[in-house]
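Working notes for the structure below.
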Amino acid sequence: MKEILTHVCYNIAMSKKLVIGNWKMNPATLDEAKGIASKVRSAASRLDHTEVIACPPFVYIASTGSTGAQSVSAQEGGAHTGEVSARMLADLGVEYVIVGHSEERHAGDTDEIVSKKLASVIDAGMTAVVCVGEKLREESGSHFEYIKKQMKASLDGVPSEKAKKIVLAYEPIWAIGAREAMQPDQVCEMAIFVKKIFSDIFGLDAGRKVRVLYGGAVNAGNAAAIMAVGKVDGLLVGRESVNVPGFVELLKEADAIR
Ligand code: PGA
């Protein structure tokens, strides 16, 4: 555990932070999408220490030149109406794909489906942003066991040499869409915990290197504390990622943290 803690701090100091915007099913028109993307791109170009990835709905990816996607099919191709494969996304220039978001898990994605999606993202040469998080917190600390099981089942079958193609997004479900984010000191505890589980699965070196993001009610007002005290490598931002003034401010706050 001590080794992991040392390297949580090491990661923060050494590598660029990663802020991913999950636009969800927003905005309503392509024109608006292009406007958001270009303003965010210009703000991102002024940052020195932060990589910014937008994940718009599939239909906006190409025309906004985005390099992130919110989802992917578990299937490779063929008779799957309405689905979009990992290969198609990679072909569009996508580099990061969110898998296992709680809204998709809620709609039916099991750990098995998440692990299939993860495998197809990695096979297509992209990085998977794997979301994990508990539904609720109890005094007993049952959320630790819940997340451990969720991680083991979702990451099942990924060969160790591919662990570097995974980013972990810790998102407590009760904080997603909520008014308040998790307290930064609790974020820190969970960041260390998920790194520890990751290293149990893939080895200490992979555990040291994996980037951990926090998601759930992040905004310009809490981003700095979550990054600094929470000691995460970045943020997964929902609502605020399509609110341009708020998101630009959030990026500046995140970029200023050392
Ligand atoms: P939120 O969503 O920032 O709107 O709480 C986060 C997410 O769903 O990833």
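Numbering of residues begins at 1 and proceeds along the displayed sequence. Atoms within each ligand, like the ligands themselves, are counted from 1 in listed order.
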Would you mind listing which atoms of ligand 1 come within a distance below 4.0 Å of any non-hydrogen atom of [X]?
X	result
Gly177	1 (P), 5 (O)
Lys24	2 (O), 7 (C), 8 (O)
Gly238	1 (P), 2 (O), 3 (O), 4 (O), 6 (C)
Gly216	5 (O)
Ala217	1 (P), 3 (O), 5 (O)

Check: Nearest to atom 4 (O) of ligand 1, what protein heavy atom do you find, and at what distance?
Finding: Arg239 NE, 2.7 Å
Margin query: Could you identify the single nearest non-hydrogen protein atom to atom 9 (O) of ligand 1 and state the distance to 0.1 Å?
Written below: Glu171 OE2, 2.6 Å
To the nearest 0.5 Å, how far apart are [atom1] in [X] and [atom2] in [Y]?
X	Y	atom1	atom2	value
Asp233	Leu168	CG	CG	9.5 Å
Glu95	Thr67	CD	OG1	5.0 Å
Glu171	Cys131	CD	SG	4.5 Å

Next item on the list: Indicate the ring-plane relationship of Tyr170 and Tyr214, choosing parallel, tilted or perpendicular according to the 30° and 60° boundaries.
Entry: tilted
Item checked: Contact check, Gly215 vs ligand 1, heavy-atom distance below 4.0 Å -> no
Check: Hey, is His101 one of the residues with a heavy atom under 4.0 angstrom from ligand 1?
Finding: yes
Margin query: Tell me whether the count of non-hydrogen atoms from other residues, nucleotides or ligands lying under 6.0 Å of NZ in Lys148 goes above 12.
Written below: no
Margin query: Could you check whether atom CD of Glu180 has more than 12 heavy atoms from other residues, nucleotides or ligands sitting under 6.0 Å from it?
Written below: no
Next item on the list: Without swapping roles, check the side chain of Tyr60 against the backbone of Gly65 for a donor-acceptor pair under 3.5 Å.
Entry: no
